[in-house]
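Computed from heavy atoms alone, side chains included, the values below leave out hydrogens, waters and symmetry copies. Below, read A as the first sequence line, B as the second, and so on, with proteins coming before strands; counting in each chain starts at 1.
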Amino acid sequence: MGARQENGTPRKLASVTEEEIANVTDNEVRKYLRGEGANLEVWTIVVTSWDTLDESPENFMYLQVIQDKKLKGQLAFREELYGKSAKAAAKAEKWLMPTEGGYLDAEGIEKTWRIKQDTIAREVDISSSKKQYDIVLPDFGPYTLDFTSSGRYMAAAGHKGHLAIIDLQNLGVIKELQDEMMLIGVTGIVVNENVEFRGRGTLMYVREAVRDVVFLHNELFFAAAQNKYLYIYNRDGTELHCLKEHGAVLKLQFLKNHFLLASINNFGQLHYQDVTTGEMVNSYRTGLGRSDVLQVNPFNGVIASGHSGGTVNMWKPTSAAPLVKMLCHHGPVTGLAFHPNGHLMATAGMDKKIKLWDLRKFQVLQTLPGHAKTLDFSQKGLLATATGSFIQVLGDFSGSQKYSRYMGHSMAKGYQIQKVSFRPYEDVLGIGHSMGWSSILIPGAGEPNFDSWVANPFETSKQRREKEVRSLLDKLPAEAIMLDPSKIGTVRSARKKEKPTKQEREAEIEAAVAAAKSVLLKKKTKGRNKPSKLVKKRQQGIERAKRPLLEQQMEEELSKKKKRKMSEDNQLPKSLQRFARKTATA
Amino acid sequence: MVETKRKTRDESKGNKGGGQRMRNHTNSNQKKGTKTNKREERRKRTGPRLPNALQREIDLKNPRAPSISDEEIDSDEANDLYEYEEAIPEEQSKKNRRYDPVDNLEYELPDDFKDENIASDDDDEEDDEDVDGARGNQTADNDDEEDDRRHARMLQDITGLPSDAFESKKRKNNAVISEAYPESEYNPSRDVLDGDGRISVQDLLDPLHGKSGFSKVRKNLHRMERKSMSIQAPLPKPDREKLERKVAYEKSKKEITKWEPLVKRNREAPTIYFGEDVELGFSTIGAIASEFEPRTDFEKKIASLVNDNEVAEAHNKDGARLLELNKLSVEDVKDRQDRLAKMRNLLFQHEMKAKRIKKIKSKTYHRLLKKDRLKSAASAIEMDPKAAKELAMKQEFKRAEERLTLKHKNSSKWAKRIIKRGMTVQDEGTRAAISDQLHQHAQLTRKMNSMKDNSTSESSDEDDGDEMSTDSDNDGASKLLEKARQKTHEVLEDDELPKSGVLSLPFMVRGLRKRKEAADEEAKLALQEYESSLQQLKGKSEAESKKMGTLSGRRAFGTESKKVQQSSSKIKSDNFYSNSDSEDDIEVNEDVDVGQGKRNFTHKDVNIDPDLLREDSEVGHDPVFKSFDDIVKDPGPKTTYEVSIFADNSWHKKKNFKESNQKKESEELLNGNADNTSQVLERTLHGQEMEEVDGEGDTDDDGRMVDGVSISSTKSTYELPSQKDLIRSAFAGDDVEEHFEKEKQEILNEENPIPEKPVVLPGWGFWPGQERKRGRKKYDPAEEKRKEDLKKRKDAHLRHVIISEKLDKKAEKLHSKTVPYPYTSKEVFEQSIRMPIGPEFNPATAIGALNRPEVVKKAGVIIKPIQYKDVNPHDAREDHKRSGQRRKNKDSGRAINTMNAKKMKAN
């Protein structure tokens with residue numbers, strides 16, 4: 001038996017010797033350097049004459065990139081500081097991240113994907129084995145799941161109106177929503193005998209279809225996409241808001257850093273709502289029909305939606321046109337997932353293909369055969385795909401972005417898996433299916449070391465409150481969502497000559513007028529220095545200054561009008577279009 | 001050297017004698033006495049003169065001859081003046097023969113004397129001035145001399161020594177001390193007085209003989225004598241200055257360059273620290289106060305008083321004694337204080353209130369106040385007949401006054417004007433004012449007793465009205481009901497059908513009849529309601545129930561009409577659609593109605609996931625999407641079709657109901673739908689049409705799907721898919737690529753628009769018969785540019801991707817417009833900002849250094865000018881140890897400070 005799992009066994013801190021920490025490899029440091037600094041010594045070669053392209057030195061001129069000595073000195077100092085900082089960070093990492101992730105180790109002819117869950121359960125410690133369970137709730141249809149970023153809480157939503165929030169640490173059902181209808185004891189449905197629910201939760205209905213559920217910034221609030229509207233509840237199940245503008249939402253996503261709730265409804269409308277202010281940041285019609293495939297890219301906050309035309313569209317809240325439109329499949333897109341680093345996207349289509357895309361180049365890295373109804377990447381980069389009642393976990397172990405089979409798991413026959421979702425900071429895969437939800441162990445899935453500043457599974461309420469305040473202070477504006485957020489602060493590309501805005505134009509005119517006003521007029525001799533003349537002259541000066549600007553504006557307006565007229569001509573009613581004069585194309 | 005010096009001195013001595021003489025002296029080497037010289041000159045001047053040119057010629061030929069230059073001629077006038085003033089010296093006048101005769105009056109120049117030709121204009125002038133200045137002195141000196149001489153004579157007489165013994169001494173002295181004396185017989189220069197006439201260097205050296213440094217001086221002298229060289233003419237001023245500047249520059253350069261490394265270090269330092277070593281000293285007032293030492297007399301006095309033990313004791317004891325002297329009990333005092341405070345408070349409040357009231361300018365307030373006063377007065381009237389009488393008198397007086405003056409009868413100028421202009425054009429306020437005035441007039445002129453009657457009648461009226469209203473409420477309701485009943489009866493009886501027009505068409509008639517029937521039913525229902533409510537009314541139930549009754553009656557009426565309308569529309573639509581289905585439709589409609597009223601859960605949940613369906617239908621994992629052509633032959637979806645029929649039907653019905661208004665369109669749709677169903681059977685459905693249906697059907701389907709949740713009534717684990725879902729999934733993949741390509745082209749055209757071409761009308765711009773040559777395309781720069789732009793796009797080589805190149809205006813503020821100042825290249829700038837410097841992204845040890853400001857200084861510390869420090873320019877930048885070390889410094893600094901303070905004290 002070669003199955004081994006090293007989940008959550010911290011390396012002893014004593015084993016980390018000083019020496020080990022002192023030896024920081026360049027690779028580790030480079031991670032924290034975030035790219036290369038400007039090369040201060042580089043000389044670029046400028047070809048001075050193309051006539052004779054031999055390598056004689058008179059043909060070339062050498063130019064240093066930075067000629068400014070002072071700047072060079074400053075930059076060198078900065079780089080030095082950066083280097084020190086990176087080195088310190090690399091050292092700190094050794095102290096702060098002592099645990100290593102678990103993995104499955106196959107011996108001989110064993111294959112990792114042949115290892116069953118029960119064999120794993122036999123090998124792991126009790127606390128880990130408690131994370132394997134099935135919860136059978138056959139009456140409430142397929143379940144969807146969502147975890148908080150710390151992985152401690154899970155929201156489950158049964159399609160037929162069951163909502164539950166579960167504290168996964170003690171497996172106590174915090175609150176399940178119900179009107180007044182029925183009470184079912186949850187204990188006893190659990191398949192795993194090790195697991196039992198503390199306390200009896202009350203199973204409830206919202207008496208409406210629940211299509212999706214998503215946590216907001218912490219476990220206190222969650223949004224549920226119900227039959228007609230989108231609702232926000234708090235942890236106790238009290239309805240806080242009914243967001244009617246979203247319509248009948250099919251899929252929800254929450255952007256943690258921007259505090260935006262994104263939804264796509266059955267008309268294919270995409271809505272972004274700021275949950276802090278309640279403002280509807282933007283809403284677009286995708287114009288691509290109904291879609292229930294929506295996923296946020298954790299790296300940049302761009303939202304991707306998969307459509308029936310086989311396209312994946314990436315959206316940001318500040319432009320109605322999609323940022324990127326990719327033709328990924330020849331059939332409808334059924335599933336979509338992003339790697340946590342944001343550079344890898346997995347899509348699944350009806351054309352029996354699962355594709356992995358490099359988002360930096362927008363090219364396919366790998367095409368795998370198979371269906372997938374739902375996809376999810378784990379924190380460590382494992383990819384779970386599920387179709388029917390079968391789950392497959394793919395892993396990239398060679399480090400060459402080539403995903404291969406890692407594990408498999410099949411549910412009981414007839415279970416229809418609705419959603420798979422890795423639990424953060426745990427080697428656990430949550431599965432929502434038509435008969436309830438299940439949890440299985442996938443060694444090596446979760447990040448073994450958590451950063452309490454980012455997400456703390458053992459958060460106290462006070463910490464949570466503080467974090468809420470901090471995250472609100474650090475809230476990013478919606479404009480900051482772009483394909484490459486590292487470009488923020490850089491020089492904007494002056495590719496196109498932009499038309500000046502109205503304000504700019506006004507400012508320009510104002511400046512011209514002010515300049516004209518400030519011109520000192522000559523004092524004339526006695527008797528000629530009439531104030532009325534002065535005023536007149538000044539007025540003339542102002543007019544003269546204004547004129548070219550106004551003329552330009554007029555011209556633009558005229559051209560716009562012309563264009564409009566042209567387009568109007570084209571938009572005759574259909575019956576009359578045959579009479580429209582065709583623009584003669586020579 | 002020495003000789004030359006002496007010569008010059010002699011010369012200057014000669015000058016002292018007078019300008020005239022000097023000039024002669026310099027011009028020629030005549031060795032004549034001043035007297036003769038003068039005479040000669042005078043003679044010359046008086047004689048006939050040669051013309052200037054001739055004179056010059058002669059001068060040239062005979063340089064020794066006395067030449068008189070122009071200057072001299074010019075200066076003649078001065079000489080004249082001079083001569084005029086000159087008196088004959090006493091010695092010459094020989095008045096009283098007091099002076100000794102002197103033999104050697106003439107000054108003899110040595111043989112080797114060479115005159116220096118240094119007479120320049122400037123010198124002359126200077127000399128002239130000197131002479132002028134000296135003249136004044138001369139007379140005074142002469143007096144002194146005379147005194148001296150007398151004194152000498154006196155001495156001679158007394159002592160018997162020759163007068164020379166005294167005089168010479170004196171003269172010598174004179175000569176040494178000052179040379180300001182004019183040279184004359186009586187004041188000869190020193191060398192004249194000494195026999196051979198001159199002092200050599202040897203003479204000067206002799207007294208130094210045997211003293212230290214003598215040999216050195218002598219040696220120097222020897223050397224100088226040996227190396228006798230002529231003195232160069234001094235350099236011109238600019239050159240001299242240039243040289244001076246050069247030297248100064250060299251020197252200051254040297255001075256300044258020593259600072260260079262220091263300045264360079266400071267410039268290169270990322271952070272400069274100012275006043276680091278300055279110890280700010282005490283931080284708190286307490287610390288400062290504890291260190292206080294009296295220094296001035298005053299302070300010392302105060303300190304002595306404050307720190308005096310006796311005083312302190314006395315103060316302490318005195319206070320206690322004072323308390324003892326107080327016989328008042330604490331309670332008494334407190335009582336009194338309280339009382340006083342209360343009084344004061346009351347007084348104060350009253351004052352404040354009065355002030356406030358006095359300040360109020362509001363007319364309303366004063367009016368109200370007046371009203372109150374009147375009211376109280378009125379009550380007083382009732383109580384007091386006298387007051388009443390008085391008031392009546394007052395009123396009567398006012399009435400009389402009004403009747404006399406007619407003050408309020410629009411007789412004022414203002415009112416007349418207003419009326420003249422017409423009331424209609426006035427604004428509201430004016431009108432109100434006018435009417436107000438009239439009213440006032442009426443009130444004033446009215447008889448007193450009429451007021452009372454009026455008020456009573458009014459109240460009675462009101463009572464009546466109240467009763468009436470209550471009655472009428474009941475009556476009105478019943479009347480209304482009656483009316484409604486009659487109307488409904490009319491409606492029921494009136495079943496005329498139109499005989500002409502569109503409405504007479506058979507299907508219309510049929511529809512109308514149907515509508516009629518429905519309406520009749522409604523009416524009957526309403527009638528029943530009316531009856532019951534009427535009965536209720538008659539039953540004299542309570543007021544509330546009455547009200548309810550009326551309300552319900554009204555409501556019923558309203559709803560009835562609405563329903564009638566609804567049903568009519570339904571019927572209409574039914575007629576239009578199909579004959580056979582109409583009955584079913586009505587049923588459906590009814591169902592829907594009921595559903596609207598209550599919540600029914602009868603509808604089956606037909607939420608279907610296409611995948612589930614697929615999974616189910618195809619046992620195993622047979623893909624639907626093997627290829628799109630395969631689907632046609634695929635037996636899998638057959639079952640689904642059966643389901644879909646069912647689903648479609650229900651949907652269809654709904655459709656009919658909902659879209660009853662848009663008859664034509666929906667009919668088309670219906671046809672389309674029917675087509676679809678048939679086509680689904682044959683698997684030849686066109687994608688676009690399907691989509692249309694899809695879009696339309698979405699809402700309804702969802703609504704129905706989740707209208708009510710079936711509570712575990714369905715035993716199947718999943719729901720049946722709706723047909724549109726199936727169709728969507730089945731045909732979505734058709735022509736995806738082509739579609740995408742088209743889309744991409746559109747977007748490209750939008751973002752990089754095709755350049756507009758001038759519109760050319762056919763037949764214009766060409767001669768007939770001339771045809772455009774084919775195959776030769778004109779070079780179009782705009783077109784070329786577009787091509788270039790398209791090539792530059794990020795998605796130029798990615799066929800399956802469209803990357804929008806639209807600029808996001810909102811995000812523009814997150815970028816910098818230009819490369820900021822010290823940077824010149826974009827890349828370098830971007831690389832420099834790649835690292836975040838916040839505390840979240842860096843270890844605590846690095847944050848301080850990353851975020852340190854350029855200048856670190858303590859607040860309130862004066863920055864001292866830079867001081868020179870030896871800095872090795874090749875030293876590496878020393879690391880600034882800030883923590884730890886500084887603290888240590890601080891402590892030591894404090895110690896030093898206290899020491900200094902102590903020292904100061906000691907001083």
Part of [X] lying under 4.5 Å from any heavy atom of chain B:
{"X": "A:T490", "value": "both"}
{"X": "A:I481", "value": "neither"}
{"X": "A:H329", "value": "backbone"}
{"X": "A:Y415", "value": "neither"}

Kindly give the heavy-atom pair with the smallest separation between [X] and [Y], and that separation in Å.
{"X": "A:E479", "Y": "B:K810", "answer": "CG-O, 3.4 Å"}
{"X": "B:S816", "Y": "A:G489", "answer": "OG-O, 4.0 Å"}
{"X": "A:Y82", "Y": "B:S832", "answer": "OH-O, 3.2 Å"}
{"X": "A:T311", "Y": "B:F740", "answer": "CG2-CD1, 3.7 Å"}
{"X": "A:A480", "Y": "B:L814", "answer": "CA-CD1, 3.6 Å"}
{"X": "B:I837", "Y": "A:R78", "answer": "CG2-NH1, 4.2 Å"}

[X] side chain to [Y] backbone, donor-acceptor under 3.5 Å:
{"X": "A:H330", "Y": "B:E737", "result": "no"}
{"X": "B:R834", "Y": "A:G35", "result": "yes"}
{"X": "B:Y823", "Y": "A:L71", "result": "no"}

Region of B:T845 in contact with chain A, defined by heavy-atom distances below 4.5 Å: side chain
Side chain, backbone, both or neither of B:I833 within contact of chain A (heavy atoms, under 4.5 Å): side chain
Would a 4.5 Å heavy-atom cut-off, applied to side chains only, mark [X] and [Y] as touching?
{"X": "B:L798", "Y": "A:K361", "value": "no"}
{"X": "A:L81", "Y": "B:M835", "value": "no"}
{"X": "A:K316", "Y": "B:D808", "value": "yes"}
{"X": "B:V828", "Y": "A:L75", "value": "yes"}

Salt bridge (Lys or Arg N to Asp or Glu O under 4.0 Å) assessment of A:R34 paired with B:E830: CA-CA 12 Å; A:R34 295 175 168 84; B:E830 281 170 8; over 6 Å; no
Residue, of B:N842, B:V801, B:I802, that accumulates the most heavy atom pairs under 4.5 Å with chain A: B:I802
Which of B:A844, B:A846, B:P836, B:P820 touches chain A most, by non-hydrogen pairs under 4.5 Å: B:P836
Is the number of heavy atoms from other residues, nucleotides or ligands within 6.0 Å of [atom1] ([X]) greater than 12?
{"X": "B:E840", "atom1": "CD", "result": "yes"}
{"X": "B:K744", "atom1": "NZ", "result": "yes"}
{"X": "B:K826", "atom1": "NZ", "result": "yes"}

